[in-house]
Amino acid sequence: MPASAAQRRATLFHSRSEDAARALIGWTLTMDGVGGRIVETEAYHPEDPASHSFSGPTSRNAVMFGPVGHIYVYRSYGIHWCMNLVCGDGPGSAVLIRALEPTVGLDQMRERRGTDDVRRLCSGPGKLCQALGVTRAHDGLAVDTPPFALTPGGPAGIITGPRIGITKAAHVPWRFGEAGSRFLSRPFR
DNA sequence: GTATGGATGGACT
DNA sequence: GTCCATCCATACT
């Protein structure tokens with residue numbers, strides 16, 4: 001008997017963040033019926049100098065040390081919001097959602113993003129939060145209850161590479177993407 | 001109290 | 001390819 005969606009979520013949430021980041025490719029993430037298929041992720045964990053959790057819990061990253069399956073939202077460069085899914089085999093791990101392939105709520109995304117170019121709606125961590133309407137107000141919410149929804153996907157071709165935009169542990173290949181996707185934030189090489 | 005530096009994206013050359 | 005807008009958690013004095 002195949003695993004239920006809830007069982008698959010639970011298994012993924014409790015996996016090491018690098019395994020969860022890989023497994024999330026092809027799943028569908030939405031908020032209030034707006035979202036799409038996850039095509040790009042990055043893994044972070046507390047032993048990782050590039051991770052916000054590296055120096056232990058603070059008021060900003062507290063959600064990373066809370067229950068798995070919840071959303072950690074932070075402000076990037078003072079302008080953008082970025083969202084992570086808390087998951088891992090211990091506290092302080094999370095997966096950064098870097099890009100979606102838009103599938104539902106396209107009109108709302110176009111309006112929020114101010115462009116008709118579908119490839120520019122969710123092709124980056126800041127873009128997808130703008131397209132879905134995710135802000136600090138959603139920090140700490142569970143990803144499997146409204147307004148959020150996370151549904152498992154089928155098998156996907158996975159490509160890996162170094163994470164983007166970081167200066168520490170930049171060589172670790174913990175960026176994951178769907179092979180051949182047209183909706184990545186940047187190409188893999 | 002002040003200083004600093006990003007897990008970015010968009011405009012521009 | 002380069003430049004930079006703009007916020008705030010954190011480190012430091």
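Throughout, protein chains are lettered first and strands after them, A, B, ... in sequence-line order, and every chain is numbered starting at 1.
Side-chain atoms of A/H80 lie closest to B/dT8 of the nucleotides B/dA7, C/dA5, B/dT8. The side chain of A/K127 approaches B/dG10 more closely than any other nucleotide in the set B/dG10, B/dA7, C/dA5.
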* **Residue pair A/L150, A/L24: steps toward the side-chain contact (heavy atoms from CB on, under 4.5 Å) verdict** => CA-CA 10 Å; A/L150 180 70; A/L24 271 171; 4.3 Å; yes
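Using a 4.0 Å heavy-atom distance criterion, A/S59 is classed as a sugar-phosphate-only contact. A/R60 comes within 4.0 angstrom of sugar-phosphate atoms only, judged by non-hydrogen atoms across all strands, and of no base. Contact annotation for A/R113: backbone-only contact, meaning every heavy-atom pair under 4.0 Å involves sugar-phosphate atoms and none involves a base.
The aromatic ring centroids of A/H45 and A/W174 lie less than 6.0 Å from each other.
In this structure, A/R37 forms no cation-pi arrangement with A/W27, as its terminal cationic atom is not both closer than 6.0 Å to the ring centre and no more than 45° off the ring axis.
Exactly one residue among A/L29, A/V143, A/L96 makes a side-chain contact (heavy atoms from CB on, under 4.5 Å) with A/M83. That residue is A/L29.
Around CZ of A/R110, the count of heavy atoms belonging to other residues, nucleotides or ligands within 6.0 Å exceeds 12. The environment of A/R113 atom CZ is dense: over 12 non-hydrogen atoms of other residues, nucleotides or ligands sit within 6.0 angstrom.
Taking atom CG on A/L121 and atom C1' on B/dG10, their separation rounds to 15 Å, with Å as the unit. Remark: P of B/dG9 and CD1 of A/I164 are 9 Å apart, rounded to the nearest angstrom. To the nearest angstrom, P of C/dA11 lies 13 Å from NE2 of A/H52. A/L184 places its CG atom 16 Å from the C1' atom of B/dA7, with the value rounded to the nearest Å. What separates CG of A/N84 from C1' of B/dA7 is a distance of 8 Å, to the nearest Å. Distance, A/M64 CE to B/dA7 P: 12 Å, rounded to whole Å. The CZ atom of A/R75 sits 12 Å away from the C1' atom of B/dT8 (whole-angstrom rounding). When rounded to the nearest whole Å, the span between OH of A/Y74 and P of C/dA9 equals 14 Å.
By the stacking rule of 5.5 Å between ring centres and under 30° between planes, A/Y44 stacks on the base of B/dA7.
In terms of position on DNA chain B, the residue among A/G165 and A/R120 whose nearest nucleotide sits closer to the 5' end is A/G165. Between A/R136 and A/Y77, it is A/Y77 whose nearest contact on DNA chain C lies nearer the 5' terminus.
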* How does DNA chain B look in dot-bracket notation if pairs are Watson-Crick or G-U with both distances under 3.5 Å, crossing ones as [ ], other-strand ones as |? -> ||||||.|||||.
Using residues 155-168 of chain A as the side-chain source, report each donor-acceptor pair under 3.5 Å to any protein atom, sequence neighbours left out, with the distance given to one decimal.
residue, atom, partner, partner atom, Å
A/R163, NH1, A/A43, O, 2.8
A/R163, NH1, A/D48, OD2, 2.6
A/R163, NH2, A/D48, OD1, 3.3
A/R163, NH2, A/D48, OD2, 3.2
A/R163, NH2, A/A169, O, 3.4

